[in-house]
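Worksheet for the structure shown next.
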There are 2 protein chains.
Amino acid sequence: MTAGFKKYSDKECSGNLNAIGDALYAIGGKWKLRLIVALMEGSRRFNEIQRTVVGISAKVLSKELKELEMNGFIRKIEHKGSLVTTSYELTSYSHSLNPVIEALNRWGRQHRKKIIGKE
Amino acid sequence: MTAGFKKYSDKECSGNLNAIGDALYAIGGKWKLRLIVALMEGSRRFNEIQRTVVGISAKVLSKELKELEMNGFIRKIEHKGSLVTTSYELTSYSHSLNPVIEALNRWGRQHRKKIIGKE
DNA sequence: CTGTATCCGCCCGGATACTG
DNA sequence: CAGTATCCGGGCGGATACAG
């Protein structure tokens, strides 16, 4: 149509949409990224994570942790002591999300500024 | 980022979680980012968008477009001709999401490679 | 074409109680 | 502490019909 607008080829189009779709399929939803961030920030134990990620219930946290584990983002570790303690940690693969999280982080900060300034 | 693990202070912790939370609040959910990408790729009309973003129903598309408009990501344009035609376009603000989308795009591509290689 | 209205089933997830 | 089991209500979203 008008000049200056960047038009993608059909292949690029579906490719980009597919890539975004793949990404959202893996880390989309309300909690997954928040949980990964919480773990990046040092939360390790079940209750600790639940306290950090405000609003998540035990049931949902349990389910989400399982999915994250199945998809290779986190690892569950049982420490056998006098008591068995459990902890979760990120796998190296989850660090491949650093650019995504960094971008969201920056955008979220500047978006908040914009919203607060408005109201 | 370097290879070492970065430990954040408590303030940074909640700050990062809040920023991610803000971002997800605005552009989280199943469709918003996909719709923005579809618009970036050149879809303009209602049905065109619906065809591009596979799986979305008219009802949900309508709702999502309204929300995106309210939050300043897109603009609805009525062309008064012999027939009234409607089109949607991205605002400049939505382009601030470029780094996020770019990061997701890259990650999605390499994630797909990993998944396909596995199966 | 660009939506809106209505009906409705299903699943997500909260609350609570319970187990190891 | 780290979850699981059960119950249950609301809402998300599909299908369909309809409107401008």
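Just so we're on the same page: letters track the sequence lines, and every chain starts at 1.
The salt bridge (charged side-chain N to carboxylate O under 4.0 Å, His left out) test with A:Glu64 singles out one residue from A:Lys32, A:Arg34, A:Lys30, and that residue is A:Lys32.
Checking the phosphate oxygens (OP1, OP2) of C:dT2, a side-chain nitrogen or oxygen of B:Arg45 falls inside 4.0 Å.
Between the CG atom of B:Leu61 and the NZ atom of B:Lys59 there is a distance of 13.0 Å, given to the nearest 0.5 Å. Of the inter-residue distances, the one linking B:Gln50 atom CD with B:Leu35 atom CG reads 10.5 Å to the nearest 0.5 angstrom. To the nearest 0.5 Å, the span separating CG on A:Leu104 from CD on A:Glu102 amounts to 10.0 Å. Summarising the geometry, atom CG belonging to A:Leu39 is positioned 8.0 Å from atom CG belonging to A:Leu68; distances are rounded to the nearest 0.5 Å.
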- Message: One character per nucleotide, please: for nucleotides 8-20 of chain D, 5' to 3', B when the base has a protein heavy atom closer than 4.0 Å, S when only the sugar-phosphate does, - otherwise.
- Response: -----BBB-----
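Take B:Tyr93 and apply the ring pair (Phe, Tyr, Trp, His ring centres under 6.0 Å) test, not counting sequence neighbours, and it matches A:His111, B:Phe73.
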Using nucleotides 18-20 of chain C, report all nitrogen or oxygen pairs with the protein that are shorter than 3.5 Å.
none

- Task: Let me see the working for A:Asn16 and B:Arg109 under side chain to side chain contact (heavy atoms under 4.5 Å, CB included), right down to the final yes or no.
- Result: CA-CA 9 Å; A:Asn16 287 332; B:Arg109 286 176 196 283; 2.7 Å; yes
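As rounded to whole Å, 10 Å separates atom P of C:dT4 from atom CG of B:Leu61. At whole-Å resolution of the value, NZ in A:Lys66 and C1' in C:dG13 are 15 Å apart. Rounding to whole angstrom units, CZ of residue B:Arg44 and C1' of C:dT2 are separated by 17 Å. Atom CD in A:Gln50 sits roughly 10 Å away from atom P in D:dC1 (whole-Å rounding).
In A:Lys114, the NZ atom is crowded: over 12 heavy atoms of neighbouring residues, nucleotides or ligands sit closer than 6.0 Å.
Looking at residues 77-89 of chain B, you'll see that no heavy atom sits under 4.0 Å from any atom of DNA chain D.
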Only pairs under 3.5 Å count here: list side-chain donor-acceptor contacts from residues 74-83 of chain A, not counting sequence neighbours, and write none if there are none.
unit_1	atom_1	unit_2	atom_2	d
A:Arg75	NH1	A:Glu89	OE2	2.7
A:His79	NE2	A:Ser87	OG	3.0

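Contacts of A:Asn47 with the nucleic acid, taken as non-hydrogen atoms under 4.0 Å apart, involve only primed sugar atoms and P, OP1 or OP2.
Looking at A:Ser96 and B:Gln110, their side chains come closer than 4.5 Å, going by heavy atoms from C-beta outward. Put simply, the side chain of B:Arg51 reaches to within 4.5 Å of the side chain of B:Asn47, judged on heavy atoms.
Between A:Ile49 and A:Ser43, the shortest heavy-atom contact is CG1-CB, 3.9 Å.
In the helix from C:dC1-D:dG20 to C:dG20-D:dC1, the terminal helix axes, each the rotation mapping four pairs' C1' atoms onto the next four within five end pairs, subtend 50°, rounded to 10°.
The hydrophobic clustering, which links ILVMFWY residues whose side-chain heavy atoms are closer than 4.5 Å, places A:Leu33 and A:Val60 together.
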